[in-house]
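First comes the structure, then the notes that go with it.
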There are 2 protein chains.
Amino acid sequence: MRPLIHPAVEDITVEGILHALSDPVRVAIFTDIAFKDCTQNCSAFSAILGTPIPKSTLSQHFRILREAGLIRSERIGVEMHNISRCEEVDKRFPGLLNSIAQAHEIQLRQSKPKKSARRSPR
Amino acid sequence: MRPLIHPAVEDITVEGILHALSDPVRVAIFTDIAFKDCTQNCSAFSAILGTPIPKSTLSQHFRILREAGLIRSERIGVEMHNISRCEEVDKRFPGLLNSIAQAHEIQLRQSKPKKSARRSPR
DNA sequence: TCCAATAGTTCATTATTTCTGAACTATTGA
DNA sequence: TCAATAGTTCAGAAATAATGAACTATTGGA
């Protein structure tokens with residue numbers, strides 16, 4: 001099993017970040033990791049994301065996030081722990097991740113008025 | 001020739017924008033269009049970008065930028081004029097394009113200290 | 001009016017990337 | 001030592017992207 005690749009902060013690229021975050025599954029994963037700063041293992045996400053995603057696919061998504069410099073993965077025992085590298089990325093590209101996160105929120109708020117469908121009063 | 005697709009501002013997605021701007025050629029094109037607010041025709045870019053890029057490929061890149069909502073294309077006579085939709089995008093996702101542009105600048109500054117090679121004093 | 005030139009699009013093929021099931025590796029706990 | 005768990009890697013299938021060739025639209029002459 002080859003060692004995991006984590007780029008040095010100065011090798012993180014905008015293209016890499018934008019590409020990594022242009023996929024909705026990866027955005028969901030990354031947002032989750034970034035918000036809960038407790039580390040998240042890989043399989044937890046099959047549940048978090050609506051659709052069940054094969055673990056080989058998840059593994060690739062994590063690799064892309066990792067190699068873009070967005071997360072740091074470490075094996076702890078039998079599972080993988082992932083933490084965000086937001087602070088490092090923010091040092092290199094100030095404000096970038098924040099405005100992307102904000103934009104995603106705006107989009108979510110617009111497309112899902114779900115919550116307002118309280119309870120149909122029969 | 002089918003009509004060009006320009007999404008309404010509320011249909012512009014973060015994923016679309018990030019995907020469009022995760023390609024260096026498209027970033028170069030978009031930056032150029034956004035900075036010069038004079039409209040730029042398609043072929044001009046073969047010159048602007050270092051490498052010569054086939055026009056069919058350029059056409060696709062323009063389409064992706066257009067359908068992501070980043071530019072507006074209009075046929076004027078025999079050529080195509082492209083203008084940025086920055087202001088609209090900024091209304092929908094405040095600060096997003098700016099921080100991406102800033103990040104790209106930071107990256108450029110780091111990797112190309114070219115300009116400082118003023119003139120070799122023989 | 002018709003034709004050549006210009007600018008770009010569309011189509012079809014090839015190349016590249018992404019997805020995914022199956023097999024594999026690493027670690028733990030019994 | 002073995003079964004269970006968590007994830008990776010590989011190889012083939014599916015989806016995207018790049019590009020040459022043929023096409024469309026417009027203009028500016030002959």
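Chain letters run A, B, ... following the sequence lines, proteins first and then strands; every chain starts at 1.
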Exercise for review: Tell me what B/His81 touches on the nucleic acid: a base, only sugar-phosphate, or nothing, going by heavy atoms under 4.0 Å.
Suggested key: nothing
Check your understanding: Tell me, do B/Ile106 and A/Pro94 make a side-chain contact under 4.5 Å, heavy atoms counted?
Key -> yes
**Study point:** Close approaches to DNA chain C from residues 63-78 of chain A, in residue order (heavy atom, under 4.0 Å)
**Key:** A/Arg75, A/Gly77, A/Val78
Review point. Would you call A/Leu18 and A/Ile100 a side-chain contact if the rule is heavy atoms closer than 4.5 Å?
Key: yes
Review point. Could you state the CD-C1' distance from A/Glu79 to C/dT27, rounded to the nearest angstrom?
Key: 11 Å
Check your understanding: Going by heavy atoms in the side chains, are B/Arg26 and B/His19 under 4.5 Å from each other?
Key -> yes
Study note, to complete from the structure: chain B vs DNA chain D, heavy-atom contacts under 4.0 Å, first-to-last nucleotide span, 5' to 3', is D/dA17 to D/dT27
Check your understanding: Does B/Arg75 use its side chain to pair, donor to acceptor, with the backbone of B/Gly77 at less than 3.5 Å?
Key -> yes
Study note, to complete from the structure: When rounded to the nearest 0.5 Å, the distance separating NE2 of B/His104 from CD of A/Glu15 is 4.0 Å
Exercise for review: Spell out, as yes or no, whether a donor-acceptor pair under 3.5 Å connects the side chain of A/Arg92 to the backbone of A/Ile12.
Suggested key: yes
Exercise for review: Kindly state which residues belonging to residues 49-60 of chain B come within less than 4.0 angstrom of DNA chain D, counting heavy atoms of the residue only, listed by number.
Suggested key: B/Pro54, B/Ser56, B/Thr57, B/Gln60
Check your understanding: At what distance, to the nearest 0.5 angstrom, does CZ of A/Phe30 lie from CZ of A/Phe62?
Key -> 12.0 Å
Check your understanding: A/Thr51 versus A/Val25: any side-chain heavy-atom pair under 4.5 Å?
Key -> no
Exercise for review: Give a yes or no answer on whether the side chain of B/Thr31 reaches the backbone of B/Val27 with a donor-acceptor pair at less than 3.5 Å.
Suggested key: yes
Review point. Does B/Met1 or B/Asp23 map to a spot on DNA chain D nearer the 5' end, using the closest nucleotide for each?
Key: B/Asp23
Exercise for review: Without swapping roles, check the side chain of B/Asn82 against the backbone of B/Glu74 for a donor-acceptor pair under 3.5 Å.
Suggested key: no
